[in-house]
Every structure is written in structure tokens, then in C-alpha cells.
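Residue indices begin at 1 and follow the sequence shown.
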Amino acid sequence: MKIGSIALVVLCKCALWVNAQETKFTNVTVSLDGGRIGIVEGDFMGRPNDELYNKILDSTATVLKQDSLNTGALFLTALLKSQYYLMRPSTDEQLVALEESSVAIDSAFAKGIDDLTSKVLRARIYYQLMSCFIADEGWRYERPAVRRERKTRFERYQALSNKYHGELETLDPANAHDYRKRISNASYPLKVVDETL
């Protein structure tokens with residue numbers, strides 16, 4: 001993955017967060033290129049291998065036990081979990097990890113992170129969460145109550161993904177086309193019966 005001038009700024013910001021928090025995270029280089037966030041280490045998709053993934057998450061978990069609002073650890077937790085499940089088949093494990101990512105990045109925003117890199121990551125996480133529900137199949141989710149609950153979650157994640165990608169179009173006009181492509185008008189794939197009728 002090539003690192004452009006924007007990515008160099010990202011690297012500096014990550015180093016500042018980490019140094020300001022006196023936190024040491026090794027072997028992770030964050031890149032932002034064409035409106036897409038990733039890590040340089042890993043496979044051709046930028047996904048970390050299991051060893052790197054577990055090592056960094058163990059490190060961030062230790063830091064978060066001492067300081068639950070450490071922005072560097074929250075950001076890296078969200079990034080690593082999002083990146084690890086990038087372009088993988090949807091599973092319950094993936095959904096749990098991505099929901100943990102959304103909690104981590106939202107906590108980082110609550111603590112004061114407000115830069116473009118973090119905004120791109122937040123938008124991607126909610127896009128990934130929405131995508132987990134696109135492949136829902138009727139045989140797996142037969143009960144009406146379960147379908148309603150999953151449809152509600154799908155619509156919530158879709159609304160947040162669209163909101164954050166829409167904001168990025170304005171904040172980063174050079175990559176507005178990339179953000180616009182991720183705005184979704186998809187519908188939840190399963191029929192949901194309204195039991196109040």
C-alpha cells in the first residue's frame with residue numbers, strides 16, 4: 001500500500017498520541033490514501049496476521065485496563081479489529097469485534113479525538129457493521145422478533161455510516177467521490193412482519 005503525503009501526517013499524529021500517552025505500540029504503520037485507512041503491515045489487503053493482531057490487542061488491552069480512555073489504545077483497538085475483519089465473510093465473531101471497534105472509536109471521539117484519520121475509521125467501521133446484515137438469510141433468522149432486531153441494527157448502522165461518509169465528503173473534497181460511493185440506500189434483505197397489525 002503506497003503512503004502519500006496525507007499518510008505521513010497520519011503517522012506523525014499517531015506518534016503524538018502514543019508519545020503523549022506514554023504508550024508504546026510497535027510494528028503498526030497507519031496509512032490514509034484516497035480516503036481509505038489501513039495499516040502498512042499485513043497481507044495485500046493490509047490485514048494484520050494473527051500474531052501481530054493478538055500482540056497489539058494484548059498491548060492495548062493492558063493500557064486500557066490502566067486508563068480506559070487512552071486515545072491511542074482506543075484508536076488502535078478499533079483500527080486493528082476493523083482491519084482484521086476487512087473483506088472477510090460475515091460471522092457472529094466479526095460482528096462482535098466490529099461492535100467492540102465502534103465502542104472504542106466512539107469512546108476516542110468522546111475523549112477528544114477529532115482528526116480526519118479517525119473520522120475515516122469511524123465511517124468505515126459503521127459501513128462494515130451495516131454490511132454484516134446485508135447477507136442475512138431467512139433460514140438462519142426465522143423468528144420475527146430476531147428479524148426485527150437485526151433490521152433495526154442494520155438501519156442504525158446504515159444511518160451512521162451514511163452520516164459519517166456524508167461529513168467526510170465535505171471535510172475531504174479531494175476524496176469526496178470515494179466517500180460518496182460508500183453511501184448506501186440498500187434495504188434490509190429479509191421480510192419483517194409487523195406483528196402489531
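- Here the side chains of Y53 and K81 are in contact, with some heavy-atom distance below 4.5 Å.
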message: Pair F154, I134 - check side-chain contact (heavy atoms from CB on, under 4.5 Å), show working.
response: CA-CA 8 Å; F154 166 81; I134 289 287; 3.5 Å; yes
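- A pairwise comparison of heavy atoms in E99 and L129 identifies CG-CD2, 3.6 Å as the closest pair.
- The side-chain heavy atoms of I125 and E100, taken from C-beta on, include no pair separated by under 4.5 Å.
- Residue Y84 is not grouped with residue V103 when hydrophobic side chains (ILVMFWY) are merged at heavy-atom distances under 4.5 angstrom, including chains of intermediate members.
- Across every non-hydrogen atom of T60 and L57, the tightest pair is OG1-O, 3.1 Å.
- By the 4.5 Å heavy-atom criterion applied to side chains, L190 and K151 are not counted as neighbours.
- Checking side-chain atoms of E169 against main-chain N and O of Y179 turns up no donor-acceptor pair under 3.5 Å.
- Using a cut-off of 4.0 Å between Lys/Arg side-chain N and Asp/Glu carboxylate O, E167 and K119 are scored as not salt-bridged.
- Between the side chain of Q128 and the backbone N or O of L98, no donor-acceptor pair lies under 3.5 Å.
- Classification of the Y157-F133 ring pair by plane angle, with boundaries at 30° and 60°, yields tilted.
- One finds the CG atom of L76 at 9.5 Å from the OG1 atom of T71 (value rounded to the nearest 0.5 Å).
- Going from atom OH of Y188 over to atom CD of Q158 covers 12.5 Å, rounded to the nearest 0.5 Å.
- K163 contributes atom NZ, which lies 13.0 Å from atom CD1 of I183 (distance to the nearest 0.5 angstrom).
- In plain terms, the two heavy atoms of L121 and A78 that are nearest each other are CD2-CB, 4.0 Å.
- In terms of heavy-atom proximity, N70 sits nearest to L64 at O-CD2, 4.0 Å.
- Counting heavy-atom neighbours within 6.0 Å of K191 NZ, excluding the residue itself, gives a total of 12 or less.
- Atom OG in S187 sits 8.5 Å away from atom CD in E155 (nearest 0.5 Å).
- For the pair R122 and Y164, the cation sits on the ring face: its NZ or CZ lies under 6.0 Å from the ring centre, inside 45° of the axis.
- At a threshold of 4.5 Å between non-hydrogen side-chain atoms, the residues F109 and I105 count as touching.
- Using a 4.5 Å heavy-atom threshold, the side chains of T117 and F75 count as touching.
- Rounded to the nearest 0.5 Å, atoms CZ (R156) and CE (M130) are 14.0 Å apart.
- Using a 4.5 Å cut-off between side-chain heavy atoms of Ile, Leu, Val, Met, Phe, Trp and Tyr, with links allowed through other members, V96 and L80 fall into different hydrophobic clusters.
- Ring-plane geometry between Y127 and H165 is classed as perpendicular, the angle between the planes exceeding 60 degrees on a 0 to 90 degree scale with a lower cut at 30.
- With respect to the salt-bridge test (charged N to carboxylate O, under 4.0 angstrom), the residues E93 and R88 do not qualify.
- Closest heavy-atom contact between C132 and R150: O-NH2, 4.1 Å.
- Between V120 and G35, the closest heavy-atom pair is CG1-O, 3.5 Å.
- Not one N or O on the side chain of S118 forms a donor-acceptor pair closer than 3.5 Å with the backbone of D114.
- Residues R182 and L168 are not in side-chain contact: their nearest non-hydrogen atoms beyond the backbone lie 4.5 Å or more apart.
- Salt bridge absent: D58 and K55 never bring a charged side-chain N and a carboxylate O closer than 4.0 Å.
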- prompt: How far apart are the C-alpha atoms of R36 and D33, what are their side-chain angles, what is the distance that settles it, and do they pass the salt bridge (Lys or Arg N to Asp or Glu O under 4.0 Å) test?
  reply: CA-CA 5 Å; R36 295 188 184 272; D33 186 19; over 6 Å; no
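- Distance check: L32 CG to D115 CG gives 9.5 Å after rounding to the nearest 0.5 Å.
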